[in-house]
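Written out below as structure tokens is the structure these notes cover.
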Amino acid sequence: MKTIDELLAEGVAGKRVFVRADLNVPLANGEITDDGRIRAVQPTIAKLAEAGARVVVASHLGRPKGAPDPAFSLAPAAKRLGELLGTEVAFATDTVGASAKETVAALADGRVAVIENLRFNAGETSKDDAERGAFADQLAELADVYVGDGFGAVHRKHASVFDLPARLPHAAGYLIATEVGVLKKLTADVKRPYVVVLGGAKVSDKLAVIDELLGKADRILIGGGMAYTFLKAKGYEVGISLLQEDQLPKVTEYMERAEKTGVELVLPVDVLVSADFPDLKGKTPADFETVDADKIPADKEGLDIGPKTRELYASKIADAETVFWNGPVGVFEHPDYAGGTTAIAQALVDSDAFTVVGGGDSAAAVRILGFDENAFGHISTGGGASLEYLEGKTLPGLAALEG
């Protein structure tokens, strides 16, 4: 995989460099609530601009249906990128139309432009190779060189991720190089004990990575909505908690495998429950009940790991040499159910281990909860991409850069 430093050594002054970034930031009323992904790609964009490239930045945002949708415009991300770079960033109001062509043509050396959301064009995500390729051909007309730095999208076989690099000289940006380097530390020559914390809503989202990690991790700590399928598999009442009954056989198999192979699979011993979520207006702390994990009332829902579980999980992390965490362990967006996720983050901070926060909601949580990002070994920008890498899958975006 060619590096951006090798590309810079060849010279990029005056060249149009297409940077496939990941500017897929969360928005609330048009305002960015977490700019972590923009900050992560900034070094690559800044370095190219400093070297005199005409930088064309492209990304997706959200899931528009292959047509323009103002709710998913990249305009706020372009504005924030300009603030971080300390320079004006031009913005094209389409992807490959008149605005994009005019905006790119007007770029001077060392300047930056962002084109509109790639997913406003159906060709970006099409499963038809010809349709996807046709869109990649149009994107290629905007550039002389391609730099892949959108790690959060490398597990997608999309036009700008997979097809476009085949049409242009290409290299990997600083973010992708960093992300891949970190993931290699989780898959080769791992320092032990190796502890994995998995949360999130659906156990089905994590089955493949659990399958792979059962042969590699020393301990797997389970939290979040997915924990209740494990607790149900143990024969416990889980009330109205999130439950995927169709996954019970697979979860039971994994618990049996863990026991046979000596992998410590750790489940919550107590949980916070409520019958009123998400309608908690007017509730007081007295309304939130903590119960043992095998005593969840039939009319209540588990929403966070309890205090005994937080202490247990912290103790399982304390002596680790490597920790990977993907998925919050409770409904952290609500302050009454953020305690478990806060405790996991704090345990990583207190640990002497190499700690990796696996993107997505976990990365958002550590920022929302006020943790210093520098207190962690690495905060990934791609939750799905990280998981698929750990599952041993070939990621289309990385394969394209290696081609």
Side-chain angles (χ1 to χ4, degrees), residues 151 154-155 179-234 244 246-269 305 309 312-329 344 347-348 351-360 362 376-378 380 382-396 398-399 402:
F151 180 74
V154 294
H155 59 314
E179 294 272 16
V180 172
V182 166
L183 288 169
K184 284 181 177 178
K185 290 184 180 181
L186 301 178
T187 53
D189 298 323
V190 182
K191 292 185 178 180
R192 299 184 181 279
Y194 177 20
V195 178
V196 176
V197 185
L198 294 176
K202 294 182 179 180
V203 69
S204 56
D205 293 341
K206 303 292 196 301
L207 286 177
V209 77
I210 293 172
D211 185 61
E212 188 72 17
L213 289 169
L214 280 172
K216 295 180 178 177
D218 298 298
R219 297 175 199 140
I220 302 176
L221 317 182
I222 303 293
M226 61 183 284
Y228 301 101
T229 301
F230 280 88
L231 294 174
K232 184 70 172 181
K234 287 177 68 72
Q244 289 186 282
D246 61 323
Q247 302 299 334
L248 288 171
K250 182 61 70 175
V251 164
T252 300
E253 175 198 329
Y254 285 169
M255 290 194 295
E256 292 171 352
R257 270 179 57 195
E259 190 170 354
K260 288 178 183 176
T261 57
V263 176
E264 221 180 325
L265 187 62
V266 190
L267 302 179
V269 295
I305 59 173
T309 305
L312 172 65
Y313 284 12
S315 72
K316 297 295 183 182
I317 292 168
D319 67 342
E321 289 291 334
T322 304
V323 183
F324 173 73
W325 172 31
N326 181 281
V329 296
I344 295 296
L348 265 67
S351 168
D352 292 327
F354 175 62
T355 55
V356 179
V357 180
S362 313
F376 302 90
H378 179 69
S380 178
S386 295
L387 287 178
E388 291 199 15
Y389 189 100
L390 294 181
E391 290 166 18
K393 291 183 177 179
T394 297
L395 305 188
L398 297 185
E402 290 166 352

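At a threshold of 4.5 Å between non-hydrogen side-chain atoms, the residues Pro268 and Tyr228 do not count as touching. Residues Met255 and Leu267 form a side-chain contact, since some pair of their non-hydrogen atoms from C-beta on lies under 4.5 Å apart. Within the 4.5 Å cutoff, side-chain heavy atoms of Lys184 are placed close to those of Tyr389. Contact check for Phe324 versus Leu387: side-chain heavy atoms found under the 4.5 Å cut-off. Between Phe354 and Val182 the shortest side-chain heavy-atom distance falls below 4.5 Å.
The distance from atom CD1 of Ile317 to atom CG of Asp352, rounded to the nearest 0.5 Å, is 13.0 Å. Atom CG of Leu231 sits about 11.0 Å away from atom CE of Met226, to the nearest 0.5 Å. Atoms OG1 and CD, on Thr252 and Gln247 in that order, are 11.0 Å from each other to the nearest 0.5 Å.
Remark: side-chain polar atoms of Tyr254 are not paired, donor with acceptor, to backbone N or O of Phe230 under 3.5 angstrom. A donor-acceptor pair is defined here as one N or O able to donate and one able to accept, closer than 3.5 Å; such a pair exists between the side chain of Thr322 and the backbone of Lys191. No side-chain donor-acceptor contact under 3.5 Å links Ser351 to the backbone of Ala347. For the pair Ser380 (side chain) and Val357 (backbone), a donor-acceptor distance under 3.5 Å is absent.
For Glu259, the CD atom counts as loosely surrounded, since its 6.0 Å shell holds 12 or fewer non-hydrogen atoms of other residues, nucleotides or ligands.
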Subject >> Working for side-chain contact (heavy atoms from CB on, under 4.5 Å), residues Trp325 and Leu221 >> reply: CA-CA 9 Å; Trp325 172 31; Leu221 317 182; over 6 Å; no

**OP:** I would like to know whether Asp218 and Glu321 meet side-chain contact (heavy atoms from CB on, under 4.5 Å); could you show each step before the answer?
**Re:** CA-CA 11 Å; Asp218 298 298; Glu321 289 291 334; over 6 Å; no

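Taking 4.0 Å as the cut-off between side-chain N and carboxylate O, Asp211 and Arg257 count as a salt-bridged pair.
Between Ala399 and Thr394, the closest heavy-atom pair is CB-CG2, 4.1 Å. Minimum heavy-atom separation, Ser362 to Asn326: OG-C, 3.4 Å.
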Identify all side-chain donor-acceptor contacts of residues 195-205 below 3.5 Å with residues at least two apart in sequence or on another chain.
{"unit_1": "Ser204", "atom_1": "OG", "unit_2": "Gln244", "atom_2": "OE1", "d": "3.4"}
{"unit_1": "Ser204", "atom_1": "OG", "unit_2": "Gln244", "atom_2": "NE2", "d": "2.9"}

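Lys216 is linked by a side chain to side chain contact (heavy atoms under 4.5 Å, CB included) to Glu212, counting only residues two or more places apart in sequence or in another chain. Remark: Lys393 engages Glu391 in a salt bridge (charged side-chain N to carboxylate O under 4.0 Å, His left out) (not counting sequence neighbours).
Residue Ile220 forms a side chain to side chain contact (heavy atoms under 4.5 Å, CB included) with just one option from Val266, Leu214, Val209, and that option is Leu214. Among Val154, Leu398, Leu395, the single residue meeting the side chain to side chain contact (heavy atoms under 4.5 Å, CB included) criterion with Val180 is Leu398.
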